[in-house]
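Notes for the one structure printed next.
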Amino acid sequence: MRRSLSRKDRLRRNSEIRELFSSAARIEGRGVKLLYRSNGSRENRFAVVVARGCGGAVRRNREKRITREAYRSLKETISSGNDLLFLIVRFGATFTDRCASMRQLVGRAGLRAAE
RNA sequence: AGGGCAGAUCAGGCCAUCGCUCGCGCGCGUGUCCUUCACGGGGUGCGCGCGGGAGAGGAAAGUCCGGGCUCCACAGAGCGGAACGCCGGGCAACGCCCGGGACUCGCACGCCGAGCCCAGCCCUGCGUGCGAGGACAGAGAGUGCCACAGAAAACAGACCUCCUCAUCGGGCCCUCCGGGGCGCGUGAGAGCGGACCUUGGCAACGAGGACCGCGAGGGAAGGGUGAAAAGGCGGGGCAAGAGCCCACCGCCCUCCCGGCAACGGGAGGGGCACGGAAAACCUCGUUCGGAGCAAAGCCAAGCAGCAGGGGGCUGCUCGCCCGCCGGAAGCAUCCGUUCCGACGCCCUGCGGGUAGGCUGCACGAGGGCCCGGGAAACCGCGGCCCCCAGAGAGAUGGUGGUCCUUGACAGAACCCGGCUUAUCGAUCUGCCCUUUUU
RNA sequence: GCGGGAGUAGUUCAGACCGGAGAGAACGGACCCCUCGAAAGGUUCAGGUCGCGGGUUCGAAUCCCGCCUCCCGCA
């Protein structure tokens with residue numbers, strides 16, 4: 001359970017995604033942008049969006065799978081009570097590259113959880 | 001063994017572990033409903049855990065066709081529009097598939113005819129075999145188009161060339177000197193006539209240059225232009241020619257035979273009319289209502305609004321009576337009175353659009369094997385077996401190991417049948433060609 | 001996912017159907033003239049796989065078919 005990434009961990013609604021785009025803090029890293037804000041609950045929620053221009057559906061799904069897997073591996077290190085949205089801007093990164101850039105983004109956003 | 005063509009199948013595999021989506025079973029917690037006096041039992045929803053199962057394609061793509069399904073519209077017919085178009089069959093339907101026919105192209109072989117130095121070459125046509133191709137109805141119904149070039153581009157025409165007569169110029173013969181006959185050339189770069197310019201000459205006139213005019217026909221073979229030139233080729237014929245006549249071929253008409261048909265074969269006749277293009281308009285025949293799962297249906301909640309009921313007048317506003325609340329005057333205080341201000345509702349039903357949830361949403365023109373029919377596509381109320389993704393920011397990934405041929409194009413979104421496009425390869429079957437061996 | 005539209009010079013467009021035959025305009029660019037110099041003005045010039053590939057035709061920017069790219073609308 002600790003490592004899972006089921007439905008309640010993800011942002012589900014179109015309106016919630018739109019709220020993040022309109023009123024969330026955002027910082028930019030290597031090919032990835034992070035949009036985040038407090039959601040007033042005790043859990044974190046997560047979403048990934050791939051920007052335009054990423055070829056076909058196979059490449060777009062590949063980016064999202066890598067990003068989800070990276071978030072799953074470092075969700076324990078993020079302080080709770082936030083909505084996070086990763087916007088993929090540059091394409092073709094490997095899993096370890098994506099992990100590193102996302103970990104750096106979370107640190108710069110000040111969301112690193114006190115162990 | 002290698003290569004080519006056609007068809008079918010597969011689309012990296014395996015192990016461990018952490019994850020995702022959806023069913024199934026079990027357990028726990030919880031909400032609700034039914035039953036019971038109660039214990040308890042049952043239905044249903046949600047959450048969590050465990051076990052076990054399933055989880056993208058041949059193109060899922062492009063959205064180019066055809067359907068199912070849903071909603072809307074609809075008496076019938078016509079006009080208009082769109083798509084399709086050899087024939088037969090298949091299919092739910094199709095612009096798809098199968099088979100057949102004609103045509104075009106390529107290769108090989110053979111043959112008729114004509115030309116030439118008769119060896120052979122070349123041209124035209126035909127037949128047979130193999131292979132390839134495709135929007136393959138109609139241009140002998142109408143309108144329009146065919147640039148440039150060329151004389152002429154579609155009811156043909158007449159530039160050059162060809163031919164005849166008239167004209168003109170020589171020649172030969174005859175003659176009664178008036179002329180006649182024969183034959184040649186010319187028939188528009190020659191000749192004749194007219195007027196002009198330059199030059200020589202006193203002049204008559206000569207030489208040179210450029211311009212204008214010169215009658216009547218025959219015929220369409222040849223030249224040249226063009227993508228295309230008005231049946232092809234050869235012979236006869238003729239003043240020269242021409243389907244004018246003839247042979248072969250092409251074309252058209254009629255008849256007979258074969259075939260379900262497209263069409264094929266044969267005989268007779270006509271005497272050439274009928275250029276291309278319909279992916280120009282169009283004509284003929286067949287088919288077609290529109291929109292699309294973001295269709296459409298259901299559920300609960302709240303809002304605007306509408307209708308009805310509970311006091312009266314009014315379509316509405318202002319206002320009045322009435323009700324209630326607050327304040328002021330007056331009064332020792334309260335009720336009441338007067339004035340001022342604010343408020344004037346409740347219940348039920350309907351309910352566009354939007355956001356949420358559920359359905360549509362996966363048992364179907366379904367798949368596999370066999371049997372039967374058929375030449376094949378395909379078909380069978382013939383038999384057995386199987387259930388095979390169902391999301392909703394949108395599911396197949398990460399890590400470690402291992403093996404090989406080092407893995408292409410690429411991700412379902414209501415569902416099927418096709419077409420088109422992208423694509424590393426592997427295996428099997430059938431046919432053809434080359435080489436080697438027996 | 002469904003439906004619709006458009007690709008022509010560096011940019012914005014015409015030409016495209018009825019009706020096929022010299023690829024054009026404006027702005028922008030370059031040279032020159034004008035000016036002491038510049039701007040404006042004037043002359044000349046360059047710049048095009050007509051998105052790509054097939055087909056029909058004697059001939060295709062145009063007609064037909066198949067792809068590619070971009071844009072718009074529908075909850």
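Order of the sequence lines sets the chain letters (A, B, ...), proteins ahead of strands, with each chain counted from 1. Since the structure is predicted, the reported quantities are computational estimates derived from the model, not experimental observations.
If you take atom P in B:G397 and the same atom in B:C369, they sit 30 Å apart, rounded to whole Å. Of the P atoms belonging to B:C65 and B:G292, the separation is 13 Å, rounded to the nearest Å. Taking atom C1' in both B:G226 and B:A154, one finds a spacing of 15 Å when rounded to whole Å. Remark: the separation of the C1' atoms in B:G411 and B:A389 is 12 Å, to the nearest Å. The C1' atoms of B:C303 and B:C313 are separated by 32 Å, rounded to the nearest whole Å. For C:G28 and C:C45, the C1' atoms lie 15 Å apart once the distance is rounded to whole Å. The gap from the C1' atom of B:C118 to that of B:G101 amounts to 44 Å, rounded to the nearest Å.
Not counting sequence neighbours, A:Glu28 has no partner by the salt bridge (charged side-chain N to carboxylate O under 4.0 Å, His left out) test. Shown here are the side chain to side chain donor-acceptor pair (under 3.5 Å) partners of A:Glu69, two or more places apart in sequence or in another chain: A:Arg72. Every residue two or more places apart in sequence or in another chain that forms a side-chain contact (heavy atoms from CB on, under 4.5 Å) with A:Ala109 is listed here: A:Ile27, A:Leu34, A:Tyr36, A:Leu111. Residues that satisfy the salt bridge (charged side-chain N to carboxylate O under 4.0 Å, His left out) test with A:Arg108, not counting sequence neighbours, are absent from this structure. Applying the side-chain contact (heavy atoms from CB on, under 4.5 Å) test to A:Thr94 and every residue at least two apart in sequence or in another chain returns A:Thr96, A:Asp97.
Residues in residues 79-91 of chain A take part in these salt bridge (Lys or Arg N to Asp or Glu O under 4.0 Å) pairs, two or more places apart or across chains: A:Arg45-A:Asp83. Residue pairs meeting the ring-ring contact (aromatic ring centres under 6.0 Å, His included) criterion with at least one member in residues 53-81 of chain A, sequence neighbours excluded: A:Phe46-A:Tyr71. Screening residues 54-65 of chain A for side-chain hydrogen bond (donor to acceptor under 3.5 Å, both in side chains) gives A:Glu63-A:Arg98 as the qualifying pairs, with residues at least two apart or on separate chains.
Each of A:Ile66 and A:Ala47 was assigned the nucleotide of RNA chain B with the nearest heavy atom; the assignment lying further toward the 5' end belongs to A:Ala47.
In this structure, CD of A:Glu69 is placed 14 Å from P of B:A395, rounded to the nearest angstrom. One atom, CZ of A:Arg68, and another, P of B:G398, lie 12 Å apart when rounded to the nearest Å. At whole-Å resolution of the value, CG in A:Asp9 and P in B:A393 are 15 Å apart. Taking atom CZ of A:Phe21 as the reference point, atom C1' of B:A393 lies 10 Å away to the nearest angstrom. One can place OH of A:Tyr71 at 13 Å from P of B:C20, the figure rounded to the nearest angstrom. Counting to the nearest Å, the P atom of B:G398 and the CG atom of A:Leu74 are 16 Å from each other.
Summarising the base pairing, B:U225 is matched to no nucleotide, lacking a Watson-Crick or G-U wobble pair whose two defining distances lie under 3.5 Å. Checking B:A393 for Watson-Crick or G-U wobble geometry (two distances, each under 3.5 Å) identifies no partner in any strand.
Summary for the helix from B:C24-B:G51 to B:U35-B:G40: the axes at its two ends, each from 5 pairs, differ by 0° when rounded to the nearest 10 degrees.
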Using atom names, set out every protein N or O paired with an N or O of nucleotides 21-23 of chain B below 3.5 Å, distance rounded to 0.1 Å.
| residue | atom | partner | partner atom | Å |
| --- | --- | --- | --- | --- |
| B:U21 | O3' | A:Arg7 | NH2 | 2.6 |
| B:C22 | OP1 | A:Arg7 | NH1 | 2.7 |
| B:C22 | OP1 | A:Arg7 | NH2 | 2.6 |

Could you go through nucleotides 411-415 of chain B and list every protein N or O atom that sits under 3.5 Å from one of its N or O atoms, giving the distance for each pair?
| residue | atom | partner | partner atom | Å |
| --- | --- | --- | --- | --- |
| B:G411 | OP2 | A:Ala57 | N | 3.3 |
| B:G411 | OP2 | A:Val58 | N | 3.3 |
| B:G411 | O6 | A:Arg65 | NH1 | 3.1 |

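Across all strands, A:Val48 comes closer than 4.0 Å to no nucleic acid atom at all (heavy-atom distances).
B:C388 takes the syn form, because its glycosidic angle lies no more than 90° either side of 0.
With contacts defined as side-chain heavy-atom distances shorter than 4.5 Å, the pair A:Thr67/A:Met102 qualifies.
One hydrophobic cluster, built from ILVMFWY side chains closer than 4.5 Å, cannot hold both A:Ile66 and A:Val48; they sit in different ones.
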